[in-house]
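Below is one structure, written out as C-alpha cells, with a few remarks after it.
Every heavy atom of this structure was used, including side-chain atoms; hydrogens, water molecules and symmetry mates were not. Sequence positions, counted from 1, serve as the residue numbers for this chain.
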Amino acid sequence: MIAVNLLDAVINEMRELFSDYTLPNKNGVLQKVKIFAQYVPLPQSITLTNKAIGLKNYDEDDYEANFPCIIVRYDSSIDNEERRLEMTTHNVNIMFGVYSEERECQAWRDVMNMIDIVRTKFLTYRILENRYRLNMPVKSQFLDADTWPVYFGLMNLVFESGRATQPAMFVHRRRKE
C-alpha cells in the first residue's frame, strides 16, 4: 500500500501543478495536460474479449489523442538494512510527452518546461504529504530519439518512506462494466 499511496500522491501533485497548463494537441488546439497512472489507457481500437485480446495497432487518432500527457510510473522499492533501519526507498519515473508537427522541431522546449515545473516543485518542497521525503539526486533528461511528431522527457525521483511493518490487506476492486 505504501507504493500505491506514493504513486497516488505524485499523481495528485502532477494534477495540481498542471491543472491550468495547456499545450497544443494534434489539431493545434490548446488542451490540458492529461495525467496517467502507470500506463496510458488502452486505445479504443483494441478489443478485449473473454477469450483473447485482439491485438491491433493504435489507431492514429487514439494514440495521438493522448498528448500532451504525463505518465507517472512506479518503478521499484529498496529495503536496505545497512543504509537506514525502518526506511524504504521508492523509485518513481515521470514521463512527459507532447505532440507537434512543426518542421522546426522545437517542441522539446515544452517538454523541458514541464520537467522544470516538476523539478522546481520537488526541489522546493522535498516532503510529499508529510509521509515521503525526496532523496537526491533528482534526474531528468530529454529523450533525444527520433520520435517526431511526439517528443518525450523523463524524470526519476527517489522517495524515502517508513517501512511497512504489517502485511497490507489485499483489496480487489472490480472494474466498471
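- With contacts defined as side-chain heavy-atom distances shorter than 4.5 Å, the pair Leu154/Lys139 does not qualify.
- Rounded to the nearest 0.5 angstrom, Ile2 CD1 and His90 NE2 are separated by 5.5 Å.
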Does the side chain to side chain contact (heavy atoms under 4.5 Å, CB included) test come out yes or no for Val118 and Met155, once each step is laid out? CA-CA 9 Å; Val118 176; Met155 177 177 278; 3.5 Å; yes
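- By the side-chain hydrogen bond (donor to acceptor under 3.5 Å, both in side chains) test, Asn156 pairs with Asn93, sequence neighbours left out.
- Checked options Val98, Val150, Leu23; the residue passing with Phe67 is Val150 (criterion: side-chain contact (heavy atoms from CB on, under 4.5 Å)).
- Qualifying side chain to side chain contact (heavy atoms under 4.5 Å, CB included) partners for Asp116, counting only residues two or more places apart in sequence or in other chains: Arg119.
- Between Lys34 atom NZ and Ile71 atom CD1 the span is 11.5 Å, to the nearest 0.5 Å.
- For Ser140, there are no side-chain hydrogen bond (donor to acceptor under 3.5 Å, both in side chains) partners at least two apart in sequence or on another chain.
- Rounding to the nearest 0.5 angstrom, the gap separating the CE atom in Met112 from the CD atom in Gln141 is 9.5 Å.
- Residues satisfying the side chain to side chain contact (heavy atoms under 4.5 Å, CB included) criterion with Asn27, sequence neighbours excluded, are Asn25, Val29.
- Side-chain contact between Asn135 and Thr89 is present, with at least one heavy-atom pair separated by less than 4.5 Å.
- When the side-chain hydrogen bond (donor to acceptor under 3.5 Å, both in side chains) test is applied to Ser76, the partners found at least two apart in sequence or on another chain are Asn91.
- If you chain together hydrophobic residues whose side chains sit under 4.5 Å apart, Tyr132 and Met136 fall into the same group.
- In this structure, the side-chain hydrogen bond (donor to acceptor under 3.5 Å, both in side chains) partners of Glu129, at least two apart in sequence or on a different chain, are Arg131.
- Atom CD1 of Ile70 sits about 10.0 Å away from atom CD1 of Ile115, to the nearest 0.5 Å.
- Applying the ring pair (Phe, Tyr, Trp, His ring centres under 6.0 Å) test to Phe159 and every residue at least two apart in sequence or in another chain returns Phe122.
- Atom CD in Glu160 sits 5.0 Å away from atom CZ in Arg133 (nearest 0.5 Å).
- Within the 4.5 Å cutoff, side-chain heavy atoms of Ser100 are placed close to those of Tyr151.
- Listed by first and then second residue, the ring pair (Phe, Tyr, Trp, His ring centres under 6.0 Å) pairs involving residues 3-40 are Phe18-Tyr21 (not counting sequence neighbours).
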When the side chains of residues 10-17 are checked against the rest of the protein, which donor-acceptor pairs come out under 3.5 Å, sequence neighbours left out?
residue : atom : partner : partner atom : Å
Asn12   : ND2  : Asp8    : O            : 3.3
Glu13   : OE2  : Lys121  : NZ           : 3.2

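- With a 4.5 Å cut-off on side-chain heavy atoms, Val92 and Arg73 do not count as touching.
- Residues passing the salt bridge (Lys or Arg N to Asp or Glu O under 4.0 Å) test with Glu101, sequence neighbours excluded: none.
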List the steps and the verdict of side chain to side chain contact (heavy atoms under 4.5 Å, CB included) for Phe96 and Phe142. CA-CA 9 Å; Phe96 305 85; Phe142 177 76; over 6 Å; no
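- Side-chain heavy atoms closer than 4.5 Å link hydrophobic residues (I, L, V, M, F, W, Y) into clusters, and following such links, even through other members, never connects Ile127 to Ile94.
- Atoms CZ and SG, on Phe152 and Cys69 in that order, are 6.5 Å from each other to the nearest 0.5 Å.
- By the side chain to side chain contact (heavy atoms under 4.5 Å, CB included) test, Gln106 pairs with Glu102, Glu104, Trp108, Arg109, sequence neighbours left out.
- With sequence neighbours excluded, the residues forming a side chain to side chain contact (heavy atoms under 4.5 Å, CB included) with Thr22 are Leu30, Lys32, listed by chain and number.
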